[in-house]
Asks: 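Structure below; questions to follow.
Residue numbers begin at 1 in each chain, while the letters A, B, ... track the order of the sequences.
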Amino acid sequence: DNGLSVKEVYERLLLIAKYAGEGSQEKKVSELAKLLSELDQLSAKFVARIVLGRLRLGFSDKTILDALSVAERGDKSARKKLDEAYQIRPDAGHLAAAVLAKGLDKALANLEVEVGVPVMPALCQRLNSAVAIIEKMGTVAAEQKFDGTRVQIHFRRSGFRNQNSDGPTNQVRTFTRNLEENSQMFPELSRLGEWVKGDEAVFDSEAVGIDIKTGKTLPFQVTITRKRKHGVTETAKAVPLQFYLFDILAKDGRTLLSEPYFERRKVLVETIKENKTLVVDETHRTTDPVELHKWHEEFLAEGFEGAVIKKWDGPYLPGRQGWNWVKIKEKEGSTGKLSDTLDLVVMGYYRGRGKRTGFGLGAFLVGVAQDDPPSHKATEGQGKVVTIAKIGTGLSDDQFRDLKKRLDDLVVREMPKEYEVDKALIADVWVEPKVVVEIAADEITKSPVHTAGVALRFPRLIKFRDDKNLSGVTTLSEVEEIS
DNA sequence: GATGTCTGCCCC
DNA sequence: ATTCTGC
DNA sequence: GCAGAATGGGCAGACATC
């Protein structure tokens with residue numbers, strides 16, 4: 001209607017995306033405003049969604065693979081083959097173009113890992129019982145779960161050609177779990193050639209920061225400071241990394257994805273010379289749930305995040321597929337890695353987006369009572385309620401509706417005086433501190449925004465505690481005990 | 001130059 | 001990351 | 001069980017503003 005083609009809209013969005021530097025935000029706003037005003041109502045809605053990355057069409061990459069199969073064959077019979085191709089080149093756009101240009105058979109002919117091109121990483125399912133794990137998986141390998149960052153390491157002795165052709169050639173490329181290249185982050189991998197036997201290899205690993213003084217692994221919050229653009233070498237010195245290698249996906253032209261796990265481990269061990277930076281992780285073969293349980297308990301006691309369990313003869317499968325790789329974090333039978341759940345009071349809520357728009361509530365803010373020791377100046381901090389987490393998961397659709405209804409009876413116009421809340425967490429709607437919820441979490445961390453001074457990592461609702469009121473809520477000193 | 005706010009095919 | 005839900 | 005879509009804490013960077 002408005003004469004703008006899809007291509008034109010695409011080109012204008014691309015232009016807007018590329019603005020940078022001083023005044024760029026202003027420019028982006030005005031250019032997007034101009035574009036939106038040229039569109040009809042319906043087009044404007046979807047262009048806005050494109051910009052926000054919230055198209056909400058109800059399908060994603062995997063559904064496109066189904067569609068490609070149907071387009072070429074009239075049914076979903078090619079999906080398996082497409083999945084395999086997608087694993088070694090996880091780019092639905094590229095795949096669609098190749099299939100339509102060459103046809104299914106030619107496009108899917110060469111299914112080999114290409115060193116330098118990221119492979120879709122294997123992910124873990126969750127299961128919280130050693131018995132269930134052995135039942136589903138049979139013989140397994142039990143390994144420590146490191147709380148670091150996933151790194152897929154590609155090595156080619158002859159070097160990768162740089163995109164800017166004149167630069168020096170690097171022997172190493174690395175990728176995140178989301179297939180983002182982050183080679184610049186790891187100067188310590190420049191010596192990889194000394195530690196690898198062979199000319200080409202692709203490894204899977206978890207990188208963890210190491211405390212220079214104690215030699216112990218650092219918490220995730222410290223490790224992740226290595227994800228940066230500036231000051232890379234300085235930070236690399238202050239927070240050196242150890243890469244715990246647990247898999248090898250290709251070596252010297254041989255794709256290993258469908259080799260059984262124990263076989264890949266054998267190749268892995270043969271490929272790595274002993275060194276301080278690349279460490280092949282421990283693995284323990286077992287078929288016994290009691291023994292598996294013991295390993296899990298031991299890893300937790302040693303301070304690891306938990307255990308990763310892998311089917312002994314399983315292939316390297318992309319994503320969470322079947323019962324191939326499984327993680328256990330919390331103790332068996334408990335919810336959340338924290339030793340206890342917390343009873344917290346609802347302070348306010350936020351309107352939801354997408355599916356949750358209809359509920360009128362997408363997340364809510366919870367807090368604890370600040371219990372100053374009585375010896376202190378009695379007035380200060382008395383009766384204050386401070387924030388410790390925002391909760392947006394763990395509720396069924398019915399519970400969302402139910403909570404909204406309850407909170408509506410408690411709405412107050414202004415934030416209650418006893419609340420202490422950071423600007424970044426200002427709720428859309430404030431409520432009196434009457435509703436108490438039981439919350440599970442994995443960890444208590446030092447927080448820059450939550451006024452309790454600490455926050456919950458991976459918080460989720462367990463249930464409503466109608467039997468409790470504000471006076472029964474977990475106190476700040478009790479929180480410190482749990483952590 | 002210091003501080004505040006927001007974003008990220010972010011990391012978990 | 002965790003969790004819920006439609007298919 | 002898969003695939004998708006809701007949502008969490010918190011880091012460095014980029015840009016705006018004081």
Side-chain angles (χ1 to χ4, degrees), chain A residues 17 19-29 50 52-66 79 83 90-93 123-126 136 145-151 176-182 185 206-208 219-232 235 239 305 319-323 327 329-330 335-337 349-350 352-359 361-366 387-400 422-425 439-450 454-462:
Chain A
Y19 287 127
E22 200 179 322
S24 59
Q25 288 189 4
E26 193 64 37
K27 236 174 184 169
K28 287 186 181 199
V29 169
I50 289 169
L52 293 173
R54 289 176 172 274
L55 225 35
R56 304 202 304 121
L57 299 181
F59 62 83
S60 191
D61 286 29
K62 304 294 178 67
T63 313
I64 289 182
L65 300 189
D66 271 347
R79 173 61 194 275
D83 270 334
D91 180 338
L123 303 176
C124 288
Q125 298 263 36
R126 261 188 118 151
K136 290 200 188 271
K145 186 174 194 307
F146 300 93
D147 190 11
T149 184
R150 188 84 172 264
V151 186
T176 69
R177 204 192 95 159
N178 299 319
L179 310 174
E180 295 297 313
E181 182 170 0
N182 58 356
M185 271 172 64
E206 184 87 1
V208 190
F220 176 76
Q221 270 171 300
V222 179
T223 298
I224 203 62
T225 63
R226 287 293 306 271
K227 183 184 179 292
R228 58 170 57 242
K229 187 169 161 187
H230 309 298
V232 171
T235 316
V239 185
E305 205 188 2
R320 296 178 182 85
Q321 242 182 90
W323 299 103
K327 66 181 160 186
K329 298 185 4 173
E330 63 272 20
T335 36
K337 212 166 111 55
Y349 66 86
Y350 309 84
R353 299 161 175 269
K355 189 186 176 192
R356 301 224 178 133
T357 309
F359 303 149
L361 185 161
F364 55 96
L365 187 64
V366 293
T387 75
I388 193 169
K390 224 164 110 184
I391 312 297
T393 192
L395 292 83
S396 65
D397 290 2
D398 280 341
Q399 283 177 309
F400 271 108
D422 187 277
K423 246 187 202 160
L425 293 167
I439 301 297
D442 274 14
E443 205 177 355
I444 291 168
T445 59
K446 221 172 164 305
S447 174
V449 288
H450 281 287
V454 293
L456 305 182
R457 191 181 184 199
F458 310 142
R460 57 260 198 195
L461 178 93
I462 298 302

Asks: Report the stems of DNA chain B as range-with-range entries sorted by first number; a stem here is at least three consecutive pairs, Watson-Crick or G-U wobble, both distances under 3.5 Å, and write none if there are none.
Replies: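 Result, WC/G-U stems under 3.5 Å: B:1-8 with D:11-18, B:10-12 with D:8-10.
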
Asks: Between C1' on D/dG9 and CG on A/L425, what's the gap in Å once rounded to a whole number?
Replies: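 Distance, rounded to whole Å: 10 Å.
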
Asks: Please tell me if the side chains of A/K355 and A/D397 come closer than 4.5 Å, counting only heavy atoms from C-beta onward.
Replies: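 Touching, per the 4.5 Å side-chain cut-off.
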
Asks: Measure CE/A/M185 against P/B/dC10 and give the value in whole Å, please.
Replies: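 Rounded to the whole Å, the gap is 13 Å.
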
Asks: Measure CD/A/E443 against P/D/dC11 and give the value in whole Å, please.
Replies: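 One finds 12 Å between P of D/dC11 and CD of A/E443, rounded.
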
Asks: Both A/I64 and A/S24 contact DNA chain D. Taking the nearest nucleotide for each, which residue is further toward the 5' end?
Replies: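 Between the two, 5'-proximity favours A/I64.
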
Asks: OP1, OP2 of D/dT7 versus side-chain N and O of A/R54: anything below 4.0 Å?
Replies: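 For D/dT7, OP1/OP2 do have a side-chain N/O of A/R54 under 4.0 Å.
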
Asks: To the nearest 0.5 Å, how far apart are CH2 in A/W323 and CD in A/Q125?
Replies: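 These two atoms lie 4.5 Å from each other.
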
Asks: Can you tell me how far apart CD (A/E181) and OG1 (A/T176) are? Round to the nearest 0.5 Å.
Replies: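 The distance works out to 10.0 Å.
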
Asks: Just compare D/dA16, D/dA3, D/dT7 and give me whichever is closest to any side-chain atom of A/T63.
Replies: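 Comparing D/dA16, D/dA3, D/dT7 against the side chain of A/T63, the answer is D/dA3.
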
Asks: Among B/dT5, D/dG9, D/dT7, which is the nearest nucleotide to the side chain of A/K423?
Replies: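 Between B/dT5, D/dG9, D/dT7, the one nearest the side chain of A/K423 would be B/dT5.
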
Asks: For D/dG9, does either OP1 or OP2 sit under 4.0 Å from a side-chain N or O belonging to A/S447?
Replies: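 For D/dG9, OP1/OP2 do not have a side-chain N/O of A/S447 under 4.0 Å.
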
Asks: Distance between the P atoms of D/dA3 and B/dC11, in whole angstroms?
Replies: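 Rounded to whole Å, the distance is 23 Å.
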
Asks: Compare the minimum distances between each of D/dG10, D/dG13, B/dC10 and the side chain of A/T445, then state the nucleotide with the smallest one.
Replies: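 Nearest listed nucleotide: D/dG10.
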
Asks: I'd like the 5' and 3' limits of the part of DNA chain C contacted by chain A, with heavy-atom contacts below 4.0 Å.
Replies: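 From 5' to 3', the first and last contacting nucleotides are C/dA1 to C/dT5.
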
Asks: For residues 220-232 of chain A, run the donor-acceptor check on the side chains, cut-off 3.5 Å, and write out each pair with its distance to 0.1 Å, sequence neighbours left out.
Replies:
| unit_1 | atom_1 | unit_2 | atom_2 | d |
| --- | --- | --- | --- | --- |
| A/Q221 | NE2 | A/K446 | O | 3.3 |
| A/T223 | OG1 | A/G209 | N | 3.0 |
| A/T225 | OG1 | A/V222 | O | 2.6 |
| A/R226 | NH1 | A/E188 | OE2 | 3.1 |
| A/R226 | NH1 | A/V239 | O | 2.9 |
| A/R226 | NH2 | A/M185 | O | 2.9 |
| A/R226 | NH2 | A/E188 | OE1 | 2.7 |
| A/R228 | NE | A/T225 | O | 3.0 |
| A/R228 | NE | A/T235 | OG1 | 3.0 |
| A/R228 | NH1 | A/H230 | O | 3.1 |

Asks: Kindly point out which of D/dG4, B/dC12, B/dG8 is positioned nearest to the side chain of A/K227?
Replies: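 Closest nucleotide among those given: B/dG8.
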
Asks: Starting from P on D/dC15, measure out to NZ on A/K27 and report it in whole angstrom.
Replies: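 Those two atoms, NZ and P, are 12 Å apart.
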
Asks: I want to verify a distance call: between B/dC11, D/dC15, D/dT7, whose nearest atom is closest to the A/R353 side chain?
Replies: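 Nearest to the side-chain atoms of A/R353, counting from C-beta on, is D/dT7.
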
Asks: Does D/dA5 have OP1 or OP2 sitting under 4.0 Å from an N or O in the side chain of A/S60?
Replies: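 False: A/S60 side-chain N/O out of range (4.0 Å or more) of D/dA5 OP1/OP2.
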
Asks: Looking at CG of A/L365 and CG of A/L425, how far apart are the two atoms once the value is rounded to the nearest 0.5 Å?
Replies: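 Reported to 0.5 Å precision, the distance equals 6.0 Å.
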
Asks: Report the nucleotide, chosen from D/dC15, D/dG4, B/dC11, that has the shortest atom-to-atom distance to any side-chain atom of A/F59.
Replies: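 That would be D/dG4.
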
Asks: Is there a side-chain contact between A/R56 and the phosphate of D/dA6, meaning an N or O under 4.0 Å from OP1 or OP2?
Replies: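 So the side-chain polar atoms of A/R56 do come within 4.0 Å of the phosphate oxygens OP1 or OP2 of D/dA6, strictly under.
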
Asks: Checking contacts here: which listed nucleotide (D/dG1, D/dA12, D/dA3) is nearest the side-chain heavy atoms of A/R228?
Replies: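 Closest nucleotide among those given: D/dA12.
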
Asks: Quick one: CZ on A/F400 to CG on A/L395, what's the gap to the nearest 0.5 Å?
Replies: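 Atom-to-atom, A/F400:CZ and A/L395:CG are 4.5 Å apart.
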
Asks: Please figure out whether A/R457 or A/H230 has its closest DNA chain D nucleotide nearer the 5' end.
Replies: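 Nearer the 5' end of the strand: A/R457.
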
Asks: Specify the separation, in whole Å, of atom CZ of A/R356 and atom P of D/dG4.
Replies: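 Atom-to-atom, A/R356 to D/dG4, this comes out as 18 Å.
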
Asks: Here's a test of your reading of the structure: between A/E305 and A/K355, which maps to the more 5' nucleotide of DNA chain C?
Replies: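 Nearest-nucleotide comparison on DNA chain C picks A/E305.
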
Asks: Choose from D/dG10, B/dC9, B/dC12 the nucleotide whose nearest atom is closest to any side-chain atom of A/R150.
Replies: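 Selected nucleotide: B/dC12.
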
Asks: Charged N to carboxylate O below 4.0 Å: is that the case for A/D66 and A/R79?
Replies: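 Yes.
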
Asks: As an exercise, state the distance from CD1 of A/I388 to NE2 of A/H450, rounded to the nearest 0.5 Å.
Replies: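 One finds 8.5 Å between CD1 of A/I388 and NE2 of A/H450.
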
Asks: Rounded to the nearest 0.5 Å, what separates atom CZ in A/R150 from atom CD in A/E206?
Replies: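 Separation between the atoms: 7.0 Å.
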
Asks: At less than 4.0 Å, is any side-chain N or O atom of A/Q221 found next to OP1 or OP2 of D/dC11? Yes or no.
Replies: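 True: A/Q221 side-chain N/O within range (under 4.0 Å) of D/dC11 OP1/OP2.
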
Asks: Mapping A/S396 and A/P459 onto DNA chain C by nearest heavy atom, which one lands closer to the 5' end?
Replies: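 Final value for this comparison: A/P459.
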
Asks: Round to a whole Å and report the spacing from CD1 of A/I224 to P of D/dA12.
Replies: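 Distance, rounded to whole Å: 9 Å.
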
Asks: Looking at A/R126, I want to see if its CZ is surrounded by more than 12 non-hydrogen atoms of other residues, nucleotides or ligands under 6.0 Å.
Replies: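 More than 12 heavy atoms, drawn from other residues, nucleotides or ligands, come within 6.0 Å of this atom.
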
Asks: Rounded to whole angstroms, how far apart are CD1 on A/I462 and P on D/dT7?
Replies: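 My rounded result for the distance is 19 Å.
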
Asks: Nearest to the A/K390 side chain among B/dC12, B/dG4, D/dG8, which nucleotide is it?
Replies: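 So the nucleotide nearest the side chain must be D/dG8.
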
Asks: Does atom NZ (A/K27) have a neighbourhood of more than 12 heavy atoms from anything else shown, all under 6.0 Å?
Replies: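 No - once you tally the heavy atoms of other residues, nucleotides and ligands closer than 6.0 Å, there are 12 at most.
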
Asks: Are A/Q125 and D/dC2 close enough that a side-chain N or O sits under 4.0 Å from OP1 or OP2?
Replies: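 Answer is yes, contact under 4.0 Å.
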
Asks: Could you walk me through whether A/L55 and A/I50 pass the side-chain contact (heavy atoms from CB on, under 4.5 Å) test, one step at a time?
Replies: CA-CA 6 Å; A/L55 225 35; A/I50 289 169; 3.8 Å; yes

Asks: Nearest of D/dG1, D/dA12, B/dC12 to any side-chain atom of A/T225?
Replies: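 In terms of side-chain proximity for A/T225, the closest of D/dG1, D/dA12, B/dC12 is D/dA12.
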
Asks: Using Watson-Crick or G-U wobble geometry with both distances under 3.5 Å, which nucleotide pairs with D/dG1?
Replies: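 Checking every strand shown, D/dG1 finds its partner in C/dC7, with both distances under 3.5 Å.
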
